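Have a look at the structure below before the remarks.
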Amino acid sequence: MISRAVITDWVVQPGSHCPDTRPAGPPTPAAEQRARQDVQERLIHRFPDLPRETLATAAAEAFASFADARVRHYVPVLAFRRAVGQLSERLAAPAERGGET
């Protein structure tokens, strides 16, 4: 499993507050591209038996569904969850049909 820990170089002193970590502005196109690649890599680890083309299509469709989102910071997380849900449903559907008599 891939760790999603955030590594920073600041230290919080006892009794102090955490610094503000909200994004200062919209992500750059390069950051969005890295996020798309990260989502595809996470899908590959989650569904190793599925073809990469299928996973890339699921990721692209999930990101496309958030194309008009005004707040872009959480789009990769939401796109990953949507893609996992759709792929899980596709995998479960044949198993359900195969069990019917």
Side-chain angles (χ1 to χ4, degrees):
M1 176 169 228
I2 298 174
S3 172
R4 294 287 162 224
V6 176
I7 300 171
T8 61
D9 51 348
W10 54 264
V11 177
V12 178
Q13 300 299 322
S16 67
H17 296 297
C18 295
D20 188 358
T21 58
R22 289 177 290 185
T28 63
E32 288 207 10
Q33 183 60 32
R34 284 192 307 273
R36 288 175 184 270
Q37 291 171 345
D38 180 58
V39 167
Q40 286 185 12
E41 289 173 16
R42 291 174 63 196
L43 289 173
I44 289 169
H45 288 289
R46 183 83 174 244
F47 300 98
D49 297 333
L50 291 179
R52 290 181 184 234
E53 296 82 24
T54 302
L55 300 175
T57 300
E61 290 173 356
F63 272 97
S65 66
F66 296 104
D68 295 332
R70 290 179 48 202
V71 178
R72 308 290 310 159
H73 187 69
Y74 299 105
V75 167
V77 173
L78 298 171
F80 175 74
R81 291 185 68 184
R82 179 170 288 204
V84 166
Q86 290 174 347
L87 291 167
S88 296
E89 285 178 13
R90 289 181 198 170
L91 290 174
E96 291 174 0
R97 279 185 260 142
E100 295 177 344
T101 321

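Worth knowing before you read on, the calculation uses all heavy atoms, side chains too, and leaves out hydrogens, waters and symmetry mates. All values derive from a computational prediction rather than experimental measurement.
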Exercise. Under the side chain to side chain donor-acceptor pair (under 3.5 Å) rule, what pairs show up with a residue in residues 26-36, not counting sequence neighbours?
Worked result: Glu32-Arg72
For this session: If a pair satisfies side chain to side chain donor-acceptor pair (under 3.5 Å) and one of its residues is in residues 76-89, list it, with sequence neighbours excluded.
Result: Ser65-Arg82
For this session: Any salt bridge (Lys or Arg N to Asp or Glu O under 4.0 Å) involving residues 50-70? Give me the pairs, sequence neighbours left out, ordered by first then second residue.
Result: Glu61-Arg90
Exercise. Honestly curious: do Phe63 and Ile44 fall in one hydrophobic cluster under the side-chain, below-4.5 Å linking rule?
Worked result: yes
Exercise. Between Val39 and Leu78, is there a shared hydrophobic cluster once you connect ILVMFWY residues whose side-chain heavy atoms come closer than 4.5 Å?
Worked result: yes
Problem set entry | With sequence neighbours excluded, residues passing side chain to side chain contact (heavy atoms under 4.5 Å, CB included) with Leu91 | Phe47, Leu50
For this session: Check Ala83 against Ala58 and note the closest heavy-atom contact, atom names and distance.
Result: CB-O, 3.9 Å
Problem set entry | Value rounded to 0.5 Å, distance of CG in Asp49 from CG in Leu55 | 10.0 Å
Problem set entry | Sole residue of Asp38, Thr54, Leu87 in side chain to side chain contact (heavy atoms under 4.5 Å, CB included) with Leu43 | Leu87
